[in-house]
Amino acid sequence: MSTPQAAMSADTGAHAAHSNQFALLTQRRFGPFFWVQFLGAGNDNVFKFAFTVLVTYQLQVQWLPASMAGLVIGALFILPFLLFSATSGQLADKYPKEVLIRFVKNLEIAIMLLAGWGFMQQNVPVLLGCVFLMGLHSTLFGPVKFAYLPQHLNERELTGGNGMVEMGTFVAILLGNVAGGLLIALPLVGPSYVAAACLLLALLGRVLAQAVPVSPATDPALRINWNPFTETWRNLKLAHGNVVVFRSLLGISWMWFFGAVFLANFPAFARDTLHGNEQVASLLLVVFSVGIGVGALLCEILSRRHVEIGLVPMGAIGMTVFSVDLYFASRGLPPHTVSLTLGQFLGEAAHWRVLADLALLSLFAGIYSVPMYALIQMRSQPTHRARIIAANNILNALFMIASSLLAGALLSAGFSISELFLIIGLANAVVAFYIFMLVPEYLLRFVAWIASRFVYRFKVTGDLNIPTEGAAVLVCNHVSFVDAVLLMAASPRPIRFVMDHRIFKVPVLGWLFKLAKAIPVAPQKEDPAAYEAAFRESAQVLREGDLLGIFPEGAITKDGTLQPFKGGIMKILETAQADGVQDVKVIPMALTNLWGSYFSRIELSGGQPTAMVKPFRRGLFNRVGLNVGDAVPAERVTPEGLRERVAGLMRV
């Protein structure tokens, strides 16, 4: 009998090969889910923005001043994220996700019926209550949304799927704001049109939710803790248990902190700094939203359809560079005594630099965030994944509240909005550097990403043979000083390398390998203690279910030929087996066309083969490759057999 899990796996496998992330929209495992979340995000913003305009421009409510309406509505919407995220994470782990999605859409219909009555009666307390309820609706959906993706997408699809969701969310927010503003502004019929539109969007979302495929519960035996405070603390501790995941949560929360400062201050920035009217403020929102969406979509292309966290430092650099330039671009703009219309604003060349900076900083923010979401999904324990996402939502809410308080304090202290943007941009550089030092994997992957795309044109064949989970030993020929860097670029997971202790003395590269926690090994005759320690640590890597990389030749080739393999691989496997590690896969690999490059020992210096003598001896963008072979079971491994396999891969 076919189980739901088996059916889901078959569905994922059947569609694993697709041309790009947009092809996912045509597949049942992703398409209905995407449109459900798109419509939900859009409906949130149609309702919120229409209500904000209603109480700001059309109704006079003594106890809710127009100047405070946006702040109150925003606070009410975000409050459920703080109160109920922990509970929603538990629900998403305990129950099938398609069941929860349909429940949330049913709840949305009920809320929109109540909100429709509130709009028709122009009952502000009821509409405020609906804002809170829509926040609850989004709180329940959040953990489901991000925990759903890794159940239906494989590692090669996860970045593209997250990019589509990120793009869809920001486009939906933008369209929702525009639609809400236009509908509520219609004379006489505005409130009724908003009510009808919100209900229609909720109904359409519910219809599509019916097509979301089976998504089995990951921890059906979980006992729900209904105390939101103790469970929130428990979720944060749970997330903190995985250092890389927790620091990634902080990185995503910082992105929301960063983005919230810009989004909240666009109206005042347009009015006071750019001297534009409401249309100019709307243009800033459009540019920012489109930039985020484009950046999110670019991630699949830039990552070559892997979870590539090397993009995160690049995103952080772009966010800082263009935030700082936005400050300089907005200084010294010509003064205007009247507000500029959209046409007048676009007619001045100086304003185009402002728009370009805004577009690029948001584009890099999209590049920054998507790999972090994918990493959290891939590295979190499946049974706890939704609760980790819930912890992320809690942190996001706290960071956004903190951003409002900090921005308010700086503006009250006399800083201009341009100066506020400058401070946030510089703070982004400090925060990013701090995170990358705490989690060196981001920086290492960035270096590997740069090397494999800008120093070399790097092509990987057979990369599906590199396991995305479980212990494995990657065995490769040793041609140059950057072999390990290129293997990092090819692998979807971190690799712990066993490397000759002398390489740690090489400038820059030695520092990188220390950062990567490479395992130094010395000849047994030279340093018996270091020799034995290297094998113990290698076995520990396999015991923890991670990837171990070794170069069995023992040294970089001096003539470009494949040298005999030493017996270290056998000792590693024997030590791991003695520690109780079973089913270790050994993956043969071959680097090609690296001999003759700057980092290979092709030059002669004092009669000795030497590397790194002529920087541009082959120019830039050399074609190099990595061929990955099929896994070899540990019990069938011999040094001679592995060498034959690697030699064969070198000829492919």
Using the six-membered ring wherever Trp is involved, compare the ring planes of His351 and Phe345 and label them parallel, tilted or perpendicular (cut-offs 30° and 60°).
parallel
Contacts of type side chain to side chain contact (heavy atoms under 4.5 Å, CB included), residue Glu231, not counting sequence neighbours
Ala86, Gln90, Asn225, Arg234, Asn235, Arg387
Under the side-chain hydrogen bond (donor to acceptor under 3.5 Å, both in side chains) test against Glu157, which residue among His152, Arg29, Gln27 passes?
Arg29
side-chain hydrogen bond (donor to acceptor under 3.5 Å, both in side chains) against Glu98, all qualifying residues, sequence neighbours excluded
none
Tell me which pairs pass salt bridge (Lys or Arg N to Asp or Glu O under 4.0 Å) where either residue lies in residues 253-268, with sequence neighbours left out.
none
Result for side chain to side chain contact (heavy atoms under 4.5 Å, CB included) between Leu249 and one of Asn393, Asn392, Asn396 points to Asn392
Please state whether the rings of Phe399 and Phe257 are parallel, tilted or perpendicular, taking 30° and 60° as the class boundaries.
perpendicular
Neighbour count >12 (heavy atoms, 6.0 Å) for atom CD, Glu469:
no
By side chain to side chain contact (heavy atoms under 4.5 Å, CB included) - contacts of Thr52 (at least two apart):
Thr56, Ile73
Could you go step by step and tell me if Val104 and Val144 meet the side-chain contact (heavy atoms from CB on, under 4.5 Å) rule?
CA-CA 10 Å; Val104 168; Val144 177; 5.9 Å; no
Would Leu127 and Leu54 count as a side-chain contact (heavy atoms from CB on, under 4.5 Å) here? Give the steps.
CA-CA 11 Å; Leu127 289 173; Leu54 180 70; 4.1 Å; yes
In sequence, state the C-alpha distance, the side-chain angles, and the governing distance for Thr159 and Leu311, and then conclude on side-chain contact (heavy atoms from CB on, under 4.5 Å).
CA-CA 11 Å; Thr159 294; Leu311 296 177; 5.7 Å; no
Parallel, tilted or perpendicular, judged at 30° and 60°: which one describes the rings of Phe421 and Phe262?
parallel
For the residue pair Phe77 and Phe81, does the interplanar ring angle fall in the parallel (under 30°), tilted (30 to 60°) or perpendicular (over 60°) class?
tilted
Pair listing, ring-ring contact (aromatic ring centres under 6.0 Å, His included) test, anchored in residues 361-396, at least two apart:
Phe146-Tyr373, Phe322-Phe364
Crowded around Phe34 CZ? As in, over 12 foreign heavy atoms under 6.0 Å?
yes
More than 12 heavy atoms of other groups within 6.0 Å of Leu188 CG:
no
Please check if the side chain of Ser138 supplies one atom and the backbone of Gly135 the other of a donor-acceptor pair under 3.5 Å.
no
Counting only heavy atoms not in Phe132, do more than 12 sit closer than 6.0 Å to its CZ atom?
yes
Please verify the inter-ring angle class for Phe51 with Phe119; under 30° counts as parallel, over 60° as perpendicular, anything in between as tilted.
perpendicular
Distance-only criterion, 3.5 Å: show the donor-acceptor pairs between side-chain atoms of residues 195-209 and protein atoms not counting sequence neighbours.
residue: Arg206; atom: NE; partner: Asn106; partner atom: OD1; Å: 2.7
residue: Arg206; atom: NH1; partner: Gln210; partner atom: OE1; Å: 2.8
residue: Arg206; atom: NH2; partner: Gln210; partner atom: OE1; Å: 3.1

Given Gln37 and Phe141, is the side-chain contact (heavy atoms from CB on, under 4.5 Å) satisfied, shown in steps?
CA-CA 8 Å; Gln37 67 87 29; Phe141 190 69; 3.5 Å; yes
Quick one: does Lys94's side chain have a donor or acceptor within less than 3.5 Å of a partner on Asp219's backbone?
no
